[in-house]
Amino acid sequence: MNKEAQKMRVLNPSYARPGDTVVVGVQGDALVAYSLLTYMLPLISLILMALLGRELLAFIGITSEWATIFSGMAGLFGGLRLANLVAARSFQSNDFQPVILRVVGQPLFTGITPLA
C-alpha cells in the first residue's frame, strides 16, 4: 500500500492547514461525469476506431485482423488521452473541483451545546 502523501488542488471551506488530515469529497454530478470519462469514452473510442479502421483498411485492400486490432488499440489510447485532457481541464472549474468536507478530529457540528 502506498503511504506517500498525495497532492491535489481542492477547495478549502473548512480552513484546513497543511499537515491536517482531511476528508475530501466531490459533487455527485462530477462523480458521474468522471465515471463516464474514465469508462465510457475509452471504450466507445476503441469500438469506433476498430470499426472505422477495419473499413478504411478494407477500402485500400488490407483485410488483416491485426490492422483492426491495432486501430482499436489506437482508439483506446486516444480515448484515454482525451479523457485525461478533459478531466484536467474540468479541475479548473469550481463545479468539478474536489472540496475538503472536514478536518479529521474536528467536531462535525459547532455551536451546539450538550444536553447533559
## Note on the structure
Test side-chain contact (heavy atoms from CB on, under 4.5 Å), reference Val10, set Val26, Ile100, Val99, output is Ile100
#### Entry: Closest non-hydrogen atom pair between Pro42 and Leu37, with its separation
CD-O, 3.2 Å
### Task
Measure the spacing between CG of Leu85 and CZ of Arg89 and express it to the nearest 0.5 Å.
8.0 Å
### Query
Given the rule that I, L, V, M, F, W and Y join up when any side-chain heavy atoms are under 4.5 Å apart, are Leu101 and Leu11 in one cluster?
yes
#### Entry: Shared hydrophobic cluster for Met40 and Leu48 (ILVMFWY, side-chain gaps under 4.5 Å)
yes
### Task
Verify the cluster assignment for Leu46 and Leu57: are they in a single hydrophobic cluster under the rule of side-chain heavy atoms below 4.5 Å apart?
no
### Task
For Gly75 and Ser45, work out which heavy atoms get closest and say how close.
O-OG, 2.7 Å
### Message
In this structure, would Phe77 and Phe70 fall into the same cluster of hydrophobic residues linked by side-chain contacts under 4.5 Å?
### Response
yes
### Task
Check whether any side-chain heavy atom of Ile69 lies under 4.5 Å from a side-chain heavy atom of Ser71, and answer yes or no.
no
### Task
Mind checking the CD1-CG spacing from Ile47 to Leu76? Nearest 0.5 Å is all I need.
10.5 Å
#### Entry: Pairwise side-chain contact, Leu31 with Tyr34, heavy-atom cut-off 4.5 Å (strictly under)
no
### Message
Rounded at 0.5 Å granularity, tell me how far CG in Leu56 sits from CG in Leu52.
### Response
4.5 Å
### Message
Counting C-beta onward and ignoring hydrogens, is there a side-chain heavy-atom pair between Leu82 and Leu41 closer than 4.5 Å?
### Response
yes
### Message
Any side-chain to backbone donor/acceptor pair from Thr68 onto Arg54? Under 3.5 Å, distance only.
### Response
no
### Query
Quick one: does Val104's side chain get under 4.5 Å of Val23's, heavy atoms only?
yes
### Flag, side chain of Ser64 to backbone of Trp66, donor-acceptor distance under 3.5 Å
yes
